[in-house]
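Working notes for the structure below.
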Protein chains: 2
Amino acid sequence: MGRRSSIGEGELIEALSRVFRDTGYDGATLSILSEETGLQRASLYHRFPGGKEQMAKEVLAVTESWLTENLFDPLKTDAPIDERVQLLVQKLDALYSGGKQACILNMLSSASDYEGPFACAIKRIFEALIEALSQLATEQGTAKAVGQARAERVVMLLHGSLVLSRGTGSQKPFERFLEALPEELLGRH
Amino acid sequence: MGRRSSIGEGELIEALSRVFRDTGYDGATLSILSEETGLQRASLYHRFPGGKEQMAKEVLAVTESWLTENLFDPLKTDAPIDERVQLLVQKLDALYSGGKQACILNMLSSASDYEGPFACAIKRIFEALIEALSQLATEQGTAKAVGQARAERVVMLLHGSLVLSRGTGSQKPFERFLEALPEELLGRH
DNA sequence: GTTTTGTTACCGAACGAACGGTAAAATATA
DNA sequence: TATATTTTACCGTTCGTTCGGTAACAAAAC
């Protein structure tokens with residue numbers, strides 16, 4: 001395998017992720033992707049013969065496995081609930097850089113395109129996220145339905161706070177969401 | 001003023017709104033905008049000398065005044081609170097077509113571009129929405145700070161439910177948000 | 001009451017630039 | 001040498017934008 005490349009597989013996907021997340025699919029031109037990865041357009045096509053669409057697909061695939069390994073699975077320990085919820089808060093805070101970054105799921109969702117090339121992956125990630133939170137919420141005797149509803153609401157609040165933070169140019173909404181998360185998820189008012 | 005136009009000012013902005021809302025700023029090509037408005041590219045430039053950017057700006061301006069006249073102001077009557085909240089629910093349901101449509105504020109927010117051409121208008125609309133809901137929430141003796149927090153949370157839930165509905169291809173999340181809205185805003189648990 | 005002039009709305013054609021994508025040569029790794 | 005990777009140069013298409021001109025209507029001039 002001949003490689004003199006200055007950029008590794010992980011960093012490559014990371015750079016692509018960043019561009020797609022910050023500019024959306026249409027905004028992510030090959031010039032920007034090339035610039036940000038340090039690879040020429042043709043080099044990108046060597047690694048992703050399927051072009052821009054394949055890049056976005058692989059970004060979503062990596063995002064899914066990353067979330068599974070670094071967020072969903074670590075939440076499944078037998079540590080105390082409050083400890084795990086605190087871990088969730090920390091992970092989300094890091095994942096979205098305190099509300100500065102948008103969510104790639106939102107940025108790659110095309111409104112008109114319900115059967116778009118990414119619809120399946122996006123849907124699966126959303127459902128996995130809700131499921132993970134739901135398991136957290138129901139592990140203290142809470143009814144399954146109630147826990148699921150709380151999990152869905154937390155996901156709504158998460159993405160809503162990100163939209164609001166981006167729209168108002170302030171991280172405050174996201175920070176307030178993180179603060180309210182434990183009570184929202186566990187239902188202690 | 002000579003005019004043989006087939007499309008009125010209102011319908012024009014409406015068509016442009018639809019395209020920007022469904023495809024985002026980058027996705028809204030002049031070809032699509034031309035197709036959807038029934039005006040040739042050159043004709044669009046006659047009405048909007050500033051080009052695509054001016055179109056989006058005017059769409060946002062019309063959106064802002066529309067919301068003020070048709071949502072914020074009608075909420076300021078002296079009708080019973082529950083009646084007004086019910087009105088809010090109906091208006092939101094119609095505005096987003098039951099969760100089928102995305103929000104143009106989200107679609108025109110560019111992540112990387114905190115000082116983008118639409119940032120000010122978007123921020124203003126978000127804050128006006130929160131303010132309108134906040135007034136509703138505090139008109140029953142609720143403390144100002146509490147009402148404001150509830151209003152912000154409702155806005156988060158609104159946009160989060162839209163993101164989730166779009167991402168999962170289901171209107172359910174938005175519907176569940178609408179159902180929960182009164183309790184969320186007025187704090188009756 | 002015509003004719004002229006000016007204004008407004010619209011369109012077809014074209015512009016340069018950038019788009020996503022490709023082929024083959026060049027270069028690095030093994 | 002053989003293979004993997006990057007590079008250079010280019011393809012056709014579409015992008016946002018502009019230009020020249022035409023049809024319709026209103027005001028002014030005759």
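Residue numbers start from 1 in every chain, and the chains themselves are labelled A, B, ... in the order their sequence lines are given, proteins ahead of strands.
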Practice problem: Provide, to the nearest angstrom, the distance between the CG atom belonging to B:L39 and the P atom belonging to C:dC10. | Solution: 5 Å
Practice problem: Please find out if less than 6.0 Å separates the ring center of A:F174 from that of A:H159. | Solution: no
Exercise. Pick base, sugar-phosphate or nothing for A:S43, based on heavy-atom distances below 4.0 Å to the nucleic acid.
Key: base
Quiz item: When you check the side-chain N and O atoms of A:R21 and A:N106, is any donor under 3.5 Å from an acceptor?
Solution: no
Quiz prompt | Rounded distance in Å - NZ (B:K52) to P (D:dC15) | solution = 9 Å
Quiz item: Atom CD1 of B:I7 to atom P of C:dC10: distance rounded to whole Å?
Solution: 9 Å
Quiz prompt | Whole angstrom value for the distance that separates C1' of C:dG20 from CE of A:M55 | solution = 9 Å
Quiz item: How far apart are the C-alpha atoms of B:Q148 and B:E152, what are their side-chain angles, what is the distance that settles it, and do they pass the side chain to side chain donor-acceptor pair (under 3.5 Å) test?
Solution: CA-CA 6 Å; B:Q148 194 141 2; B:E152 189 187 61; over 6 Å; no
Exercise. May I ask you to decide whether B:K100 forms a salt bridge with B:D22, counting only side-chain N to carboxylate O separations under 4.0 Å?
Key: no
Exercise. Compare side-chain N and O positions of A:T29 against OP1 and OP2 of C:dA18 and report whether any pair is under 4.0 Å apart.
Key: no
Quiz item: Would you say A:H46 reaches D:dT5's phosphate, i.e. side-chain N/O to OP1/OP2 under 4.0 Å?
Solution: yes
Quiz item: Between B:E35 (CD) and D:dT14 (P), how many Å, whole number?
Solution: 13 Å
Practice problem: Would you tell me if any nitrogen or oxygen in the side chain of B:R41 comes within less than 4.0 Å of OP1 or OP2 on C:dG12? | Solution: no
Quiz item: CG of A:L30 versus C1' of D:dT13: gap in Å, rounded?
Solution: 14 Å
Self-check item: A:Y45 OH - D:dC10 P separation (whole Å)
Solution: 20 Å
Self-check item: Whole-Å distance separating the CD atom of B:Q40 from the C1' atom of D:dG21
Solution: 15 Å
Exercise. Please tell me which of A:D26 and A:A42 maps to the more 5' nucleotide of DNA chain C, matching each residue to the nucleotide holding its nearest heavy atom.
Key: A:D26
Exercise. Report the residue (A:I32 or A:P49) whose heavy-atom-nearest nucleotide on DNA chain C is the more 5′ of the two.
Key: A:I32
Self-check item: B:K57 NZ/CZ over B:F118 ring centroid, <6.0 Å and within 45° of normal
Solution: no
